[in-house]
Amino acid sequence: MNETLPKRKKLRLEYYDYRQHGAYFVTICTRGKQHLLGEISKQRNPSSAHDCVCLSRIGRVTEFEINKLSSIYDRVKIDKYVIMPNHLHLIIIINNVENGQTVFAPTLSRIIKQFKGSITKQIGYPLWQRSFYDHVIRSEQDYRAKWKYIDENPWHWQEDEYY
C-alpha cells in the first residue's frame, strides 16, 4: 500500500531570519488545549483585563518564566503578555542592533524552546503543544492591534477560538 502521509504545514516564514531585530506576536498552547494555566474571573475588571485571569500554580510558574526571559537573553524583551487558561500570547522584541552593528541574538524558536523546556522541567511533565504560532509584526498599526488583542483577550474568552 502506498499511502501518503499528510504533510505538516510549515509554521515559520521561509527564508526569514528569526534573529532579526523586530517584534513578534507569539501564541503558545497547552497540550490538548487543557485548561491548566488558570481561570478567567466571571467578574469583569474595568481597570485591566489582565486582572481577570486567576493563575493556577502552573500559570504562576509560566508567568515567572516569562518575566525571567529578559534576564536570560539580554537582547530579548517581553513587551506584553497574557496568560489564558489554555494558551498564552506574547509580544517579544528581539534587539540585535548595537551602535548600528548587528550583534548575536537568539532565534525566536530558541527562546520559545528554552521557555517551554524550563516550565516542563519544573512541573515534571510535558505541558505544551508542539511548536507555536508566530506573527512578525511589521508596522506600528500591526503592533497596536496585537497589543490591544492581548490586552482584551480575557474579556473575550468565551468567544476565543481556544475556549
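Since the structure is predicted, the reported quantities are computational estimates derived from the model, not experimental observations.
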Legend entry - Glu39 CD: over 12 foreign heavy atoms closer than 6.0 Å: no
Legend entry - ILVMFWY cluster, Trp157 and Tyr133 together (side-chain gap under 4.5 Å): yes
Legend entry - Pairwise side-chain contact, Phe25 with Ile150, heavy-atom cut-off 4.5 Å (strictly under): yes
Inset, instruction - Only counting residues at least two apart or in another chain, list the ones meeting salt bridge (charged side-chain N to carboxylate O under 4.0 Å, His left out) with Lys77. - result: Asp79
Legend entry - Within residues 102-113 or reaching into it, pairs that qualify as salt bridge (Lys or Arg N to Asp or Glu O under 4.0 Å) - sequence neighbours excluded: none
Inset, instruction - Decide yes or no on side chain to side chain contact (heavy atoms under 4.5 Å, CB included) for Leu55 and Glu63, but give the supporting numbers first. - result: CA-CA 9 Å; Leu55 297 178; Glu63 184 170 51; 3.4 Å; yes
Legend entry - Point-to-point distance, once rounded to the nearest 0.5 Å, from CE of Met84 to CG of Leu37: 10.0 Å
Inset, instruction - For Lys116, check side-chain contact (heavy atoms from CB on, under 4.5 Å) against everything at least two apart and list the hits. - result: Ile28, Ile112, Trp128
Inset, instruction - Flag the pair Cys29 / Asn86 as yes when at least one side-chain heavy-atom distance between them is below 4.5 Å, and no otherwise. - result: no
Inset, instruction - Taking the side chain as every heavy atom from C-beta outward, state whether Ile111 and Pro106 have any pair of such atoms under 4.5 Å apart. - result: yes
Inset, instruction - Starting at CG of Leu69, measure out to OG of Ser118 and round the result to the nearest 0.5 Å. - result: 8.5 Å
Legend entry - Heavy-atom side-chain contact between Lys33 and His87 under 4.5 Å: no
Legend entry - Test applied, side chain to side chain contact (heavy atoms under 4.5 Å, CB included); reference residue, Ile83; option that passes from Ile66, Leu90, Asn153: Ile66
Legend entry - Minimal non-hydrogen separation, Val76 against Ile92, with atom names: CG1-CG2, 3.9 Å
Legend entry - Which residues share a side-chain contact (heavy atoms from CB on, under 4.5 Å) with Arg144, sequence neighbours left out: Glu140
Legend entry - Donor-acceptor contact below 3.5 Å, side chain Asn96 vs main chain Phe104: no
Inset, instruction - Heavy atoms only: give me the nearest Gly38-Pro85 pair and the separation to one decimal. - result: O-CB, 3.3 Å
Inset, instruction - State the OG1-CG distance between Thr30 and Leu88, to the nearest 0.5 angstrom. - result: 9.5 Å
Legend entry - Contacts of type side-chain hydrogen bond (donor to acceptor under 3.5 Å, both in side chains), residue Asn67, not counting sequence neighbours: none
Legend entry - Within-4.5 Å side-chain heavy-atom neighbours: Ser56 and Leu36: no
Legend entry - salt bridge (Lys or Arg N to Asp or Glu O under 4.0 Å): pairs with one or both residues in residues 117-126, sequence neighbours excluded: none
Inset, instruction - Indicate, with yes or no, if the rings of His135 and Tyr24 have centres closer together than 6.0 Å. - result: no
Inset, instruction - Mind checking salt bridge (charged side-chain N to carboxylate O under 4.0 Å, His left out) for Lys80 and listing every partner two or more places apart, or none if nothing turns up? - result: Asp151
Legend entry - Trace of the side chain to side chain contact (heavy atoms under 4.5 Å, CB included) decision for Tyr143 with Ile91: CA-CA 9 Å; Tyr143 178 86; Ile91 294 177; 3.8 Å; yes
Legend entry - Any residue meeting salt bridge (charged side-chain N to carboxylate O under 4.0 Å, His left out) with Lys68, in chain and number order, not counting sequence neighbours: Glu65
Inset, instruction - Go through the steps to decide whether Leu108 and Phe132 satisfy the test side chain to side chain contact (heavy atoms under 4.5 Å, CB included), and finish with yes or no. - result: CA-CA 10 Å; Leu108 186 61; Phe132 61 94; 4.0 Å; yes
Legend entry - Aromatic ring proximity His89/Tyr149, centre distance under 6.0 Å: yes
Inset, instruction - Go through the steps for Val53 and Ile40 under the test side chain to side chain contact (heavy atoms under 4.5 Å, CB included), then give the verdict. - result: CA-CA 5 Å; Val53 183; Ile40 303 298; 3.8 Å; yes
Legend entry - Cluster check Leu127, Phe64: I/L/V/M/F/W/Y, side chain < 4.5 angstrom: no
